[in-house]
Amino acid sequence: MKTFKNYYNSLIHHQKYVAKEFIFETTSLLFVKISPSKVNCYEMSNWGLKDQPMASLYQSHFKLHYWPYKQNRLVRNYLSTVGKFSLNWSHGYRLVTFANGSKSVFFKGMKITYTGRPKRPYPKKQVQESKTALNELRERKNAFQRLYYHRAMAGKRFEAAAVFEDDNKRWRTPKYVDVSQLPMDDVFKLQNVSHRKYIIDHYGIDAILATLDHHVIDSATIRGNPYDLIEVDIPFSNWRDPEVNQKGTYLRMVNPSTSEIHFEGVPNYDKWLARSREKDERDETILSPTVRAALAWRDNETRYAI
DNA sequence: AGGGAGATTATGTACGCCGA
DNA sequence: TCGGCGTACATAATCTCCCT
């Protein structure tokens, strides 16, 4: 397999104008000399030649003009072997990983050396974009690590507070749990739902939610029963900005027969999703920030019918 | 149209650093 | 000295999309 530099040299230094690299029976790259010192590289398939070059080759580097069509694996494999850099998506970012391990977001016309390193300087805008993207990915990872840490610690506290029936069983059910040993907010840290339930039963969901910042968005009385729609700041969420806690919307209601207070989680109100015409997007939100809309969502309706 | 390989994401372990 | 955190490295789960 010849490298970009091989093709560049063979065309520039000889009386040749075109060369073809065969990648797969339906895919090739066509190298065309368009000036005494510049070679364009086009993607070629059964459907013909792309009208825009994928890359332009120069003496010391090449420019990458677009993110290979449909993340074309064969082309990307070729680029990673021959170009010594790789292209990959991560959480919505198009990232280029260079031979020296550094990364940058992709941008049209980025210069890369034949050894697979960035030919700097890159435009300030893209440098900043890369910084932001890489930082977000790092923080996302760190947030998950914090989650695992606190989850494990809460798990240990639970184990210590619990007395188990039979330690040989794969699924151990606690015989007794001294919940008073457990801090209330472990309810947000324990992964096991049935373990969380001990804390909820002990403290009561009302008391737990009362410790959190929350406010009533809407109230309504339906058939004599009072309902509140409340928005709660969820702690320990792995939201990007620790100053901005994630919100959770709950319907608070009173069970008419037992007069127990009951909470039911509903999706947060999202204006944009609510306007969507796609059903599954509309399912991700309540259609308005009201008790009735929340009840309608629960009943899988668009309007609440008593 | 479906299978499956490769790509991406989720989940985790190990370990060292840092400040109280 | 230790709780808490960040990073590197590893593996499992899930998704995408190419190719037959």
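FYI, side chains are in, hydrogens and waters are out, and symmetry mates aren't considered; it's all heavy atoms of this structure.
The CG atom of A:Leu87 sits 15 Å away from the P atom of C:dC17 (whole-angstrom rounding). In this structure, A:Arg76 atom CZ and C:dC18 atom C1' are separated by 12 Å, rounded to whole Å. In this structure, the CZ atom of A:Arg94 is 18 Å from the P atom of C:dT16, given to the nearest Å. Here the P atom of nucleotide C:dT7 and the NZ atom of A:Lys103 are 15 Å apart, to the nearest Å. Atom CZ in A:Arg140 sits roughly 17 Å away from atom C1' in C:dG6 (whole-Å rounding). Regarding A:Lys156, its NZ atom lies at a distance of 12 Å from the C1' atom of C:dC2, rounded to whole Å. When rounded to the nearest whole Å, the span between NE2 of A:His91 and C1' of B:dT8 equals 8 Å. Atom C1' of nucleotide C:dT7 and atom CG of A:Leu137 are separated by 14 Å, given to the nearest angstrom.
With sequence neighbours excluded, no residue forms a salt bridge (charged side-chain N to carboxylate O under 4.0 Å, His left out) with A:Asp218. Scored by the ring-ring contact (aromatic ring centres under 6.0 Å, His included) test, A:Phe98 finds no partners at all (sequence neighbours excluded). Residues forming a salt bridge (charged side-chain N to carboxylate O under 4.0 Å, His left out) with A:Arg157 (at least two apart in sequence, or on another chain): A:Asp186.
Figure legend: A:Lys2 and A:Tyr7 shown as a cation-pi pair, the cationic atom lying under 6.0 angstrom from the six-membered ring centre and within 45 degrees of its axis. Because its NZ or CZ atom is both nearer than 6.0 Å to the ring centre of A:Tyr122 and within 45° of the ring axis, A:Arg120 counts as a cation-pi partner of that residue.
Applying the under-4.5 Å side-chain rule to Ile, Leu, Val, Met, Phe, Trp and Tyr, the cluster around A:Met153 extends to A:Tyr149.
The six-membered or imidazole ring of A:Tyr198 lies near that of A:Phe158, with a centre-to-centre distance under 6.0 Å. In this structure, A:Phe31 has its ring center no closer than 6.0 Å to that of A:Tyr8.
Aromatic ring orientation, A:Phe62 versus A:Phe85: tilted (interplanar angle from 30° to 60°).
Among the nucleotides B:dT8, B:dA10, C:dT7, the one closest to any side-chain atom of A:Asn142 is C:dT7. Here the side chain of A:Arg138 is nearest to one of B:dT9, C:dT7, B:dT8, namely C:dT7.
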Pairwise N/O distances under 3.5 Å, protein to nucleotides 3-5 of chain C:
{"unit_1": "C:dG4", "atom_1": "OP2", "unit_2": "A:Tyr149", "atom_2": "OH", "d": "3.2"}
{"unit_1": "C:dC5", "atom_1": "OP2", "unit_2": "A:His150", "atom_2": "NE2", "d": "2.8"}

Under 4.0 Å protein heavy-atom contacts per nucleotide of nucleotides 12-20 of chain B, with B for base, S for backbone only and - for none: BB-------
